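Keep in mind that this is a model prediction, so the values were computed, not measured.
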Amino acid sequence: QHQHQHQHQHQNSNDDNDFHKTPFTIDEVIEYLTDWIHMLHEKLQEVKKANYLDVWQAYHDLAVKTLFPWDQQYLQRMPQRREDGTVFLSVASYRDENCYNTLSWAYGNATNPTKLFVGLVQQNCQSNCRSGVLANLTMQDVPPDQDCHAHFCKHHPTLCPNIRALHINEDESLGPYAARFFASKLWGGEQWYMQIDAHMTFRADWDSISIRMLRAAPTEKPVLSHYPPDHSVDLVQRSHDAGSRLCGPAFAGSELENQIIRLEGAGKYDAVKLDVPRFAPFTAAGYFVAHSEFLKDVPFDPFLPWIFMGEEIIMSTRLWTAGYDIYSPSESVVGHIYVRRHKPKFWESVNRALHPGVITPLKFMILSRIKHQLGYPEADKDMVQPKSLLTAVEQYSMGTVRPLEEYMRNVGLDMRTKEITYTGWCEGGRPPPGMEEYAYLYRIEDV
């Protein structure tokens, strides 16, 4: 009897373990995140008139008790990645009039639309809406934003089940990096992961071409990324040309950007298009494609609210140190609407939701979390204030496959002196130091 009781207890223990490994359903994820965002909004209303330190502390204390432990559990219970050719498209939309067209063009130009699944984080104004800053430096009342999700489902009912949407009110927006964190949780085990903005165009077969380019990369864990061409470019006509590459970093000169790394050296460097993608040093937030396994290796950080500048360099370094190699696409498959004058910006919402001027010192301070991970001496552990900026930083920081110092040498960045050394390998289309074994793939005379 004692033995039978022990077996029964052991069986219950196994059942509990199996339960804890069972992935959250998409509905459970959406319900949790929706409730959490509303809860945060209520907490922030309590510090509406407070200074930026109190605003951060309110976010931090709630995240430590709720979002962080939930995310740690989520990462233990992630869906299994399927080998079925499916593509997950992460789309962060902030009051974007192009959102519906972006989704329609993505599906309309996909080789396999039924294998395309979208994680849409839609941040919209529903009442008492204001424009962005107009030419005369004023704002005006405007109608509520179009519900991109509902509009897509109305016009494409058969594809509607492929859209997983998290709806966020404009005054609850936490900026683009946080939106991409939320979108990543809407992933359902799709084989490939692509992150874009909500104002993009797509060439025919963009999905199959993206996968083909990833498969053509010579290393095991490739990530494709660049700044796409302007939306006005004919992508089919351009398909015979080599894609652009993102090569040159710069330390931001503006005080508001706190000397964070900006990516400025986007250009067309190659005279000849090759089938094998060329190595690149950086990922761009508005377009990257990867093997979905990166979500487990390089999970998005829940402690970076209100961040805009800095998301690209932290993603680049974390991916590379985790063993992922960055490449520029051999050809451009998406276009980007770069100029959206007088359209609302998320920081305007934050200033309205809390109080004018709070967003600048708030994001300036939170950047210290990124700068600490990148090795800026002024963001050394002893220098960062408040200490809560470094909560759980180890869980969302550099990988252990390759050292950060090697990456910094490869891309020519010195965080101590704020100097940039021209390295030339990216502009010249050569592999970076340490990857010389692949040089033969890029010799034009052999092509």
Side-chain angles (χ1 to χ4, degrees), residues 79-91 106 109-119 180 183-184 187-197 200 202-229 235 238-239 241-246 270 273-298 300 312 315-316 318-336 399 401-402 426 429 431-432 435 437-438 441-442 447:
Q80 282 289 106
R81 178 178 176 267
R82 304 190 302 277
E83 297 284 339
D84 58 0
T86 47
V87 175
F88 178 83
L89 196 60
S90 162
V91 183
N109 289 303
T111 307
N112 296 301
T114 58
K115 291 190 173 187
L116 175 61
F117 294 84
V118 171
R180 301 191 213 282
S184 73
W187 174 72
E190 289 75 28
Q191 184 171 1
W192 307 103
Y193 191 100
M194 182 171 179
Q195 178 175 294
I196 61 165
D197 290 330
M200 310 288 277
F202 298 78
R203 66 152 292 181
D205 301 315
W206 63 269
D207 51 340
S208 55
I209 295 169
S210 295
I211 293 167
R212 188 187 76 212
M213 290 189 290
L214 270 178
R215 291 190 185 282
T219 52
E220 190 183 342
K221 293 183 173 182
V223 178
L224 286 179
S225 191
H226 71 163
Y227 285 162
L235 294 172
R238 182 74 72 84
S239 65
D241 298 343
S244 65
R245 194 157 46 258
L246 194 47
D270 307 324
K273 175 189 166 185
L274 300 178
D275 290 335
V276 180
R278 294 178 186 269
F279 286 89
F282 305 109
T283 56
Y287 169 77
F288 78 74
V289 196
H291 179 297
S292 293
E293 204 68 18
F294 92 91
L295 290 168
K296 189 189 299 179
D297 298 334
V298 190
F300 286 82
E312 294 177 325
M315 205 63 190
S316 302
R318 289 185 62 203
L319 282 164
W320 192 89
T321 56
Y324 288 81
D325 294 302
I326 304 164
Y327 296 85
S328 58
S330 305
E331 62 183 91
S332 302
V333 296
V334 295
H336 189 278
V401 176
R402 297 184 284 207
C426 177
M435 291 290 182
E437 66 192 281
Y438 301 109
L441 293 168
Y442 305 102
V447 175

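Separating the OG1 atom in Thr219 from the CD1 atom in Ile326 is a distance of 10.5 Å, to the nearest 0.5 Å. For the atom pair CD1 of Ile211 and OG1 of Thr111, the computed distance is 8.0 Å after rounding to the nearest 0.5 Å. Here the straight-line distance linking atom CZ of Arg180 with atom CE of Met315 works out to 10.0 Å at 0.5 Å rounding. To the nearest 0.5 Å, atoms OG (Ser210) and CZ (Arg215) are separated by 12.5 Å. Atom CG of Asn112 is separated from atom CG of Asp205 by 9.0 Å, given to the nearest 0.5 angstrom.
Ring geometry, Phe288 versus Tyr193: the interplanar angle falls under 30°, so the pair is classed parallel (tilted spans 30 to 60°).
Ser330 places a side-chain N or O within 3.5 Å of a backbone atom of Asp275 that can act as its donor or acceptor partner. Panel note: side chain Ser316, backbone Thr283; a donor-acceptor pair is recorded below 3.5 Å. Side-chain atoms of Gln191 come within 3.5 Å of backbone N or O of Asp84 as a donor-acceptor pair. Of the possible donor and acceptor atoms, none in the side chain of Asn109 sits under 3.5 Å from a partner among the backbone N and O of Trp206. Under the 3.5 Å distance criterion, the side-chain polar atoms of Glu312 are left unmatched by any main-chain donor or acceptor of Ala284. Distance alone, capped at 3.5 Å, is enough to place a donor-acceptor pair between the Arg402 side chain and the Trp320 backbone. Not one N or O on the side chain of Arg245 forms a donor-acceptor pair closer than 3.5 Å with the backbone of Ala280. Judged purely by atom type and a 3.5 angstrom limit, Ser292 uses its side chain to pair as donor or acceptor with the backbone of Glu190. With Tyr287 contributing its side chain and Val334 its backbone, the two residues share no donor-acceptor pair below 3.5 Å. For the pair His226 (side chain) and Ser328 (backbone), a donor-acceptor distance under 3.5 Å is absent.
For the pair Ser332 and Ser244, the tightest heavy-atom approach, listed with the atom from each and the gap, is OG-N, 4.4 Å. Closest non-hydrogen pair, Ala183 versus Gly119, comes out as CB-O, 3.9 Å. Contact detail for Leu116 and Ala110: the closest heavy-atom pair is CD2-CB, 4.5 Å. Leu441 and Leu274 make their closest contact through O-CD1, 4.0 Å (heavy atoms, listed as atom of the first residue, atom of the second, distance). Closest heavy-atom contact between Pro281 and Cys426: CD-SG, 3.5 Å. Scanning both residues, Pro218 and Val276, for their nearest heavy atoms gives CD-CG1, 3.9 Å.
Among the candidates Phe279, Phe282, Tyr442, Tyr438, the single residue satisfying the ring pair (Phe, Tyr, Trp, His ring centres under 6.0 Å) test with Tyr327 is Phe279.
At a threshold of 4.5 Å between non-hydrogen side-chain atoms, the residues Trp187 and Leu295 count as touching. At a threshold of 4.5 Å between non-hydrogen side-chain atoms, the residues Lys115 and Trp192 do not count as touching. Residues His336 and Asp197 have side chains in contact (heavy-atom distance under 4.5 Å, counting atoms from C-beta outward). Contact of the Tyr324 side chain with the Arg318 side chain is not registered, since no non-hydrogen atoms from C-beta on lie closer than 4.5 Å. Taking 4.5 Å as the limit, every side-chain heavy atom of Arg81 sits out of range of all side-chain heavy atoms of Lys296. Under the 4.5 Å side-chain criterion, counting only non-hydrogen atoms from C-beta, Val289 is not in contact with Met213. Leu246 has its side chain out of reach of Ser225: every pair of non-hydrogen atoms, C-beta onward, lies at least 4.5 Å apart.
Between Lys221 and Asp297 there is a salt bridge, since at least one side-chain N of the basic residue sits less than 4.0 Å from a carboxylate O of the acidic one.
Taking the ring pair (Phe, Tyr, Trp, His ring centres under 6.0 Å) definition, one finds that Tyr227 meets it with nothing, sequence neighbours left out.
When the shell of 6.0 Å around CD of Glu220 is examined, it contains 12 or fewer heavy atoms from other residues, nucleotides or ligands. Heavy-atom contacts from other residues, nucleotides or ligands closer than 6.0 Å to CD of Gln80 number 12 or fewer.
Between Phe88 and Phe117, the distance from one ring center to the other does not fall under 6.0 angstrom.
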